[in-house]
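The figures that follow rest on heavy atoms only: side chains count, while hydrogens, waters and symmetry mates do not. Note that the structure is a prediction, hence the values are computed from the model and not measured. Residue numbers count from 1 along this sequence.
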Amino acid sequence: MTRVPLFVAFRYLFARKSHNVINIISAISAVGMTVGTAALILILSIYNGLDSVVRAGMDRTRPDLLVEPSSGKTFGMADSLSRSMASLHGVASVEPVLEETVFIDYGGSQSIARLKGVRSGYFEAVPLEDNLVEGSLDLKKGSLYLGVIGRGLASSLGISPRFVAGIDAYYPKTDRDISLTDPMSSLNTVRFFPSGTVAVNSSFDEQCIIVPYGAAVSLLGLSYDDCSSLEIRFDPSVSGDFDGRAYRRLLSEVRSGVSEIMGPGFDVKDRRQQDETLYRMLSAEKIMIFLILFFVIVVIAFNIFGSLSMLIMEKSDDIGTFSAMGASQAVVKRIFIYEGWLISLLGLVSGLVAGVCLALLQQHFGLIKMPGNYMVTAYPCVLEVQDVLISAVSIAIVGYVVAALPVKRFFHRATFRNPSASI
């Protein structure tokens with residue numbers, strides 16, 4: 001019995017109505033659903049693109065896996081453990097890192113900075129040449145320590161690789177109490193000179209300084225075997241896309257191998273776990289954008305309520321004819337529910353086609369340019385299948401509900417007025 005109501009609904013959808021206002025309202029509803037659906041797909045795709053740009057900036061310095069002690073700040077790291085982890089399938093580098101918050105002074109300008117001590121060859125594993133703003137990525141020149149500074153921190157302190165002034169870093173000595181008479185004797189200090197400035201992302205640029213491992217060891221009063229974390233990076237040719245199935249499989253395999261090598265007492269974090277706040281914020285923002293646009297589509301869909309209510313009143317003679325021919329009330333209801341639903345589905349399909357086409361055009365050709373000076377010249381756009389599916393299912397459900405409301409309301413009133421009638 002589904003074919004008959006659907007056939008009649010199709011005929012009603014494209015047939016001319018005696019009241020032209022019904023045609024107008026129906027057309028407005030379909031066009032509104034088309035525009036709303038296309039806007040939803042396009043805006044979600046642009047947000048995915050902006051999201052990928054932000055994450056790419058963060059991921060430039062984030063390792064694939066980060067090993068940290070579950071308690072305490074540092075731990076001893078034997079070279080044999082590093083070699084064991086480096087031999088795991090897909091692992092390109094294992095870099096010990098010493099990281100701590102320190103006080104720095106540059107020509108009378110002071111600030112708090114995040115000092116990151118790295119060993120030679122670090123910039124081979126973490127290529128930052130494209131992020132270099134000024135200078136070079138050198139960390140040592142003869143016996144002099146050099147440092148690579150984030151652009152924001154360098155700008156706030158007036159640091160430039162072209163200047164000969166050095167940067168003094170201070171950190172409290174851990175083997176003695178602070179002297180009230182001579183506080184400087186209670187501090188370790190190391191001087192290094194700026195070799196370059198880099199622009200990675202806001203959190204890095206505003207506070208980070210990369211220095212040689214020896215400088216960090218001397219400043220923090222530790223041994224050369226101590227480290228605060230291990231940065232493990234995969235071979236790009238093996239790992240592929242960060243969100244791909246092959247990468248997730250490799251991530252699981254390497255994580256298990258690293259956990260087995262390191263033993264208990266260590267946390268092995270992937271990219272998301274290293275910055276959970278950022279990823280949760282990005283996910284929450286996308287959900288809020290979807291809900292706002294979806295609410296607009298719901299408001300548009302209620303135009304169907306008005307047009308369908310008027311159509312039911314116009315087709316009252318047809319309803320009587322269907323009943324006389326033996327059609328049950330459920331069959332007649334389905335005719336008008338399908339009619340209203342077809343209006344929303346027509347707009348939905350048109351909107352999906354338009355939205356997907358616009359998103360793909362923007363994704364591959366960058367037709368809409370971004371104003372101002374940014375990392376990208378055009379609005380980034382990444383079309384995701386799950387966004388299309390979720391949007392299609394959600395809008396289809398709303399269309400069905402909005403179509404069912406006036407039908408149930410009309411037939412409930414008709415039955416209430418004349419309980420013995422079939423409608």
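Rounding to the nearest 0.5 Å gives a distance of 8.0 Å between CD of Q274 and OH of Y279. Within the model, atoms CD1 of I261 and OG of S82 stand 9.5 Å from one another, a figure rounded to the nearest 0.5 Å. Between atom CD of residue E339 and atom OG of residue S344 there is a gap of 10.5 Å, rounded to the nearest 0.5 Å. We find the CZ-CG distance between F266 and L66 to be 12.0 Å, quoted to the nearest 0.5 Å. Here the CD atom belonging to E384 is positioned 11.0 Å from the OG atom belonging to S391, to the nearest 0.5 angstrom. The distance from atom OG1 of T34 to atom CD1 of I300, rounded to the nearest 0.5 Å, is 9.5 Å.
The side-chain heavy atoms of Y224 and R119, taken from C-beta on, include a pair separated by under 4.5 Å. For the pair I149 and I167, the minimum side-chain heavy-atom distance is below 4.5 Å. With a 4.5 Å cut-off on side-chain heavy atoms, K286 and L44 count as touching. Side-chain contact between M262 and V268 is absent, with no heavy atoms from C-beta onward closer than 4.5 Å. Put simply, the side chain of F123 reaches to within 4.5 Å of the side chain of L139, judged on heavy atoms. Taking 4.5 Å as the limit, every side-chain heavy atom of V217 sits out of range of all side-chain heavy atoms of D226. At a threshold of 4.5 Å between non-hydrogen side-chain atoms, the residues F75 and L230 count as touching. Taking 4.5 Å as the limit, every side-chain heavy atom of V402 sits out of range of all side-chain heavy atoms of N303.
Q110 places no side-chain N or O within 3.5 Å of a backbone atom of D105 that could act as its donor or acceptor partner. Proximity of a side-chain donor or acceptor of D235 to a complementary backbone N or O of V91 within less than 3.5 Å is not detected. Between the S52 side chain and the G49 main chain, a donor and an acceptor come within less than 3.5 Å of each other. No donor-acceptor pair closer than 3.5 Å links the side chain of S186 to the backbone N or O of K173.
Summarising the geometry of L157 relative to S111, their closest heavy-atom pair is CD2-CB, 3.8 Å, with the distance given to 0.1 Å. Of all heavy-atom pairs between L308 and P406, the closest is CD2-CG, 3.8 Å. Summarising the geometry of D138 relative to S195, their closest heavy-atom pair is O-OG, 2.7 Å, with the distance given to 0.1 Å. The nearest pair of heavy atoms linking I112 to F103 is CD1-CD1, 3.8 Å.
Ring-plane geometry between W341 and Y400 is classed as perpendicular, the angle between the planes exceeding 60 degrees on a 0 to 90 degree scale with a lower cut at 30. In this pair, F305 and F302 present their aromatic rings tilted. The plane angle is within the 30 to 60° band.
In summary, D168 and R191 engage in a salt bridge, as defined by a charged side-chain N under 4.0 Å from a carboxylate O. The existence of a salt bridge linking D275 and R62 is confirmed by a sub-4.0 Å separation between a basic side-chain nitrogen and an acidic carboxylate oxygen. Under 4.0 Å is where a charged nitrogen must lie from a carboxylate oxygen, and between R162 and E134 at least one such pair does. Look at E99 and R114 and you find a salt bridge, because one of the NZ, NE, NH1 or NH2 atoms lies within 4.0 Å of a carboxylate O, short of that distance.
Only one option out of R271, R233, R255 pairs with D64 in a salt bridge (charged side-chain N to carboxylate O under 4.0 Å, His left out); it is R271.
Residues N201 and S203 bring a donor and an acceptor atom of their side chains to less than 3.5 Å of each other.
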Problem set entry | side-chain contact (heavy atoms from CB on, under 4.5 Å) evaluation trace for V398 with I297 | CA-CA 9 Å; V398 168; I297 293 175; 5.6 Å; no
For this session: Run the numbers on F192 and L146 for side-chain contact (heavy atoms from CB on, under 4.5 Å), then give the verdict.
Result: CA-CA 5 Å; F192 56 92; L146 304 180; 5.9 Å; no
For this session: Under the side-chain contact (heavy atoms from CB on, under 4.5 Å) rule, what do L40 and I395 come out as? Steps first, then yes or no, please.
Result: CA-CA 10 Å; L40 179 62; I395 295 172; 4.1 Å; yes
Exercise. side-chain contact (heavy atoms from CB on, under 4.5 Å) between L115 and L98: does it pass, once the steps are laid out?
Worked result: CA-CA 8 Å; L115 192 81; L98 263 177; over 6 Å; no
